[in-house]
Amino acid sequence: MTETPTTHARTRSAELFGRAQALLPGGVSSPVRAFKAVGGTPVFFASGKGGEAFDEDCNRYVDYCMSWGPLALGHAHPAVVKAVQETAAKGTSFGTPTAEEVGLAELVTQLNPRAERVRFVSSGTEAVMSAVRVARGYTGRDLVVKFDGCYHGHADYLLVKAGSGLATAGQPDSAGVPASMTSTTIVLPLDDERAVSDFFAQRGREVAAVIVEPVPANCGLLVQRAEFLQHLRAECTQAGALLIYDEVISGFRLGPEGAAGLLGGEPDLMTYGKVIGGGLPVGAYAGRREVMEVVAPLGPVYQAGTLSGNPVAMAAGCAALTALRDGGWERLEQNAQALEAALLPVLADYPVELVRVGSIFWLSFQQPAPRSWGAIERSGAERYKVLHRELLERGIYLAPSAYEVFFVSAAHTPAHFAETAAAFAAALPIAFGASS
Ligand SMILES: *Cc1c(COP(=O)(O)O)cnc(C)c1O
């Protein structure tokens, strides 16, 4: 496999980033896009098709960031583009119920029977905030248990991950969050049934909800044992608390029933984002009818949105979920296996482990791969920085952080996987220096 760097100068990206920095804090609309974790200048993508994206300087990349997860079908999937164009031409928002939201709700509830009722919102963050409010309203309790390393969007009371003090109220991770906002958030370690039991033995009756990413994919990919998830279900049931699966990444990516279908587990509520909108801003929360019926206008839990259920976004979601149902998920799994098969021989000589759950991948710089945030050795980040840069120069785009996962789409091809393997083969010796 001969290999030469495929990209040329990113002059326009650099120029745009200069302008952006004078206008947007850090030059971005979301912090991790700024490349601070890997160094260098962010790449400004201008277009994409299938598994490839093109930057403002016309460099081509095989894209494994895929907008951080939404694009399970790849860029500019024809059915999604058509749905957006046709729906937008009829008007972009009405503030009334529309046929499109009924269509997406039918798909969601048919694909995943755990979703008996669904409410659409505009982001994953909103979906999680609302689901937690529902759980609190339904149970009449305040405490929310989350796990160290799990990300649930940027709601004040969930911006906590410091799990040092077991079973103590969390400290905020972000400035601007009063300690009082996180005083009802309890942070426990993943992969630790004992810690959960100990906490529930003391305060289980105060818990409104346990929220977990069933496939934690925002701090590396911390694959949980099915027993751990079953344990959460059992403790919640016993204490009268609700179990929320945050499926914002995993929902409709890991098949019709998401992580719950793949790993088992019976959450009371699920939150969605990313894939459900086919690349447009959509979130949703869904679950048991009895629980969801506390939401206004049926019940006392208020939650609303001017652009919620936006018809253009709903149409994109319908087109995406329909294409996934009609062969997309099979293709996604085939592609994930093909990428894994291409990378494993190349990675074999290095002290890394390729972690994969369906089409979600992560490169762990320690073996065996960790299952909790506390178990991650931070030294991997330095190697990732070099690896990321070298892959970028070879036209392979991974998320710009060692702790972010990467995604294959249904639109990637065998040629992409061969190209990716060749780029890794060239980049790994540089990332590991002579010492490997
Ligand atoms: C991305 C993500 C969120 C937040 O979704 P946004 O659409 O970015 O607000 C919440 N939970 C999980 C698990 C996520 O991956």
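If you read the sequence from its start, that first residue is 1, and numbering goes on from there. Because only heavy atoms are used, hydrogens play no part in the values below, and waters and symmetry mates are left out as well, while side chains stay in. Just follow the structure's listing: the first ligand is 1, and inside any ligand the first atom is 1.
For R233 and D268, the salt-bridge test passes: some basic side-chain N is under 4.0 Å from an acidic carboxylate O. Under the 4.0 Å criterion applied to side-chain N and carboxylate O atoms, E340 and R356 are assigned as salt-bridge partners. A salt bridge is defined here as a Lys NZ or Arg NE, NH1 or NH2 lying under 4.0 Å from an Asp or Glu carboxylate O, and E193 with R225 meets this definition.
In terms of the salt bridge (charged side-chain N to carboxylate O under 4.0 Å, His left out) criterion, E404 has no residue partners (sequence neighbours excluded).
Contact residues for ligand 1 (protein heavy atom closer than 4.0 angstrom to any ligand atom): S123, G124, T125, Y151, H152, G153, E213, N218, D246, V248, I249, K274.
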Extract all donor-acceptor atom pairs below 3.5 Å that involve side chains of residues 303-311 and protein atoms in other chains or at least two apart in sequence.
from, atom 1, to, atom 2, distance (Å)
Q303, OE1, R119, NH1, 3.1
Q303, OE1, Y285, OH, 2.8
N310, OD1, V312, N, 3.1
N310, OD1, A313, N, 3.1
N310, ND2, T92, O, 2.7

Taking only distance into account, with no hydrogens and no angle test, what donor-acceptor pairs under 3.5 Å do side-chain atoms of residues 65-79 form with protein atoms, sequence neighbours excluded?
from, atom 1, to, atom 2, distance (Å)
H75, NE2, D63, OD2, 2.7
H77, ND1, A79, N, 3.2

